Protein chains: 2
Amino acid sequence: MTDESTSARDENLPRKERERLMRRSEILAAAFNVFGEKGFERATLDEIAERAEFGKGTLYNYFSSKEDLFAAAFQRLLDDFRAIADEVCGQDLTVRECLTEYTMRSVAYYREHYAFCHTAMQEHYRRSVEDGSDTRKDHQKNVDYTIEPLARCLDLGMESGQVRKADPWTYAHIFVGLIDHFYLQLTREQLPDSEKDMRQQVDTLITVFCDGIAAKEKDGRH
Amino acid sequence: MTDESTSARDENLPRKERERLMRRSEILAAAFNVFGEKGFERATLDEIAERAEFGKGTLYNYFSSKEDLFAAAFQRLLDDFRAIADEVCGQDLTVRECLTEYTMRSVAYYREHYAFCHTAMQEHYRRSVEDGSDTRKDHQKNVDYTIEPLARCLDLGMESGQVRKADPWTYAHIFVGLIDHFYLQLTREQLPDSEKDMRQQVDTLITVFCDGIAAKEKDGRH
DNA sequence: TCACAGCATGACCATCGAGTCATCATACGA
DNA sequence: TCGTATGATGACTCGATGGTCATGCTGTGA
């Protein structure tokens, strides 16, 4: 739902196309809000259309069904997280800086789109148990997509000697587990508001992780 | 949903009454399953009735609405947790034994009724944000009800010098936060199956907590 | 200015499910 | 055995909502 995620993709398209994407994006934004507030079932297409300032029929010019609209919103969520990882890892940072930055930004994103993140996780879970598919595998695939750049970053860190040699994906998953900690705090509204306090907390967590994965040295200094 | 929670309340009632409670309990059990599998909105009274082997109309002789049925199921959940706390704290145990036993049993309960616990938390959350009431306060009231015996147990521990003097409710809440750790693992299907391994994990966690709240002594021994 | 393509629209339809109630089965007391 | 009360039942009602489509509007190019 970041503006960048919209405009970045539009750049040099004919106006018609750009406008169409714009409208699609507005519908998606409304869907984010309504799905977030009401959950999938209680959200109505009428309300989403009204919020987006379109008629209901218009929605069907952009999405084939309520389910499809939800899937698109969910995909947007994944893309946004992936974009954060891409951007952070694209800069020339140490592994530690990378992880810190990623954590700060993704928690900020969580906070901003808290309601939809919540609904998305619920519905995703419900869907994966519904049709008997393996929950974990499906979920894992999505998580992997969003953090792939982090895994690559860790891999590079291993080659450059910053990080202990191991499977980078394993470390990436452990890292995500640690971030969940913040997500939980968010749910309980226990997260500090100020950027400074937040950075302090993130730093504590990153220290634990970085010490845990740091290349072993003889001096063992923290 | 424990059998005890049903029969314990029935003891010496006239047969009519007992049967009525029994049937109510069966409906509640079906509701646990269907709400758990489908979530509140997707669950239908037809299915709940079918599972309970009653006609749909019969449900309305026991509960006034779908909402009411859900509320009753939710209350049953709280009562069951409360019953665990009551029973554990009723025995003559040290604080540490109490907490260990409570953890083992509540995690076992979580595991058995995982789906409904999940749905219940989701819906409870949704409801509390819906009507603008304060989420945290409402949620806290329910949590407090279920762990009240634990708070009392901690309070006694303080008087008998086992536990550092402080607000027992604060400690009780911290303790619940720690248990959440297991709940999360459960969600990810990462919890050990064997009783022995489980007890091992619980012990680790309890040690952290007990060391943290132990009355301060000069020798400072772990 | 006109014709046409593309798109927005909301009235309409079909489905679904919560909740009702007339009816029927059963138990029990007279 | 009969009459009554209690309670189970599922066909039915009715509102809500996902999805459709005939209509009309707007912008563009001739």
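Residue numbering restarts at 1 for every chain, and letters A, B, ... go by the order of the sequence lines. Please read these numbers as outputs of a predicted model, since none were measured by experiment. Only heavy atoms go into these numbers, but all of them, side chains included; no hydrogens, no water, no symmetry mates.
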Expected list for residues 41-53 of chain A near DNA chain C, using heavy atoms below 4.0 Å, is none
Restricting to side-chain contact (heavy atoms from CB on, under 4.5 Å), what partner residues turn up for Glu41(B), sequence neighbours left out? Glu41(A), Arg42(A)
Check DNA chain D against residues 55-67 of chain A and give the residues with a non-hydrogen atom under 4.0 Å, in numerical order. Lys56(A), Tyr60(A), Ser65(A), Lys66(A)
Taking only residues two or more places apart in sequence or in another chain, which ones pass side-chain contact (heavy atoms from CB on, under 4.5 Å) with Glu53(B)? none
Under the side-chain contact (heavy atoms from CB on, under 4.5 Å) test, residues paired with Glu19(A) that sit two or more places apart: Arg15(A), Arg23(A)
Who are the ring pair (Phe, Tyr, Trp, His ring centres under 6.0 Å) partners of Phe81(A), not counting sequence neighbours? Tyr109(A), Tyr110(A)
Tell me whether the rings of Tyr125(B) and His118(A) are parallel (<30°), tilted (30 to 60°) or perpendicular (>60°). tilted
Chain B on DNA chain D: first and last contacting nucleotide, 5' to 3', under 4.0 Å to a heavy atom? dA8(D) to dG10(D)
Salt bridge (charged side-chain N to carboxylate O under 4.0 Å, His left out): which pairs involve residues 25-37 of chain A, sequence neighbours left out? Glu37(A)-Arg51(A)
For Glu97(A), does the CD atom have more than 12 heavy-atom neighbours from other residues, nucleotides or ligands under 6.0 Å away? yes
Report, one pair per line, the protein and nucleotides 22-29 of chain C atoms (nitrogen or oxygen only) whose separation is under 3.5 Å.
| from | atom 1 | to | atom 2 | distance (Å) |
| --- | --- | --- | --- | --- |
| dC28(C) | OP1 | Arg15(B) | NH2 | 3.2 |

Set of residues satisfying ring pair (Phe, Tyr, Trp, His ring centres under 6.0 Å) with respect to Phe74(B), sequence neighbours excluded: His124(B)
Restricting to side-chain contact (heavy atoms from CB on, under 4.5 Å), what partner residues turn up for Ser194(A), sequence neighbours left out? Lys196(A), Asp197(A)
Salt bridge flag under 4.0 Å for residues Glu87(B) and Arg82(B): no
Could I get the full list of ring pair (Phe, Tyr, Trp, His ring centres under 6.0 Å) partners for Tyr102(A), not counting sequence neighbours? none
Would Lys66(A) and Phe40(A) count as a cation-pi pair here, with the cationic atom under 6.0 angstrom from the ring centre and within 45° of the axis? yes
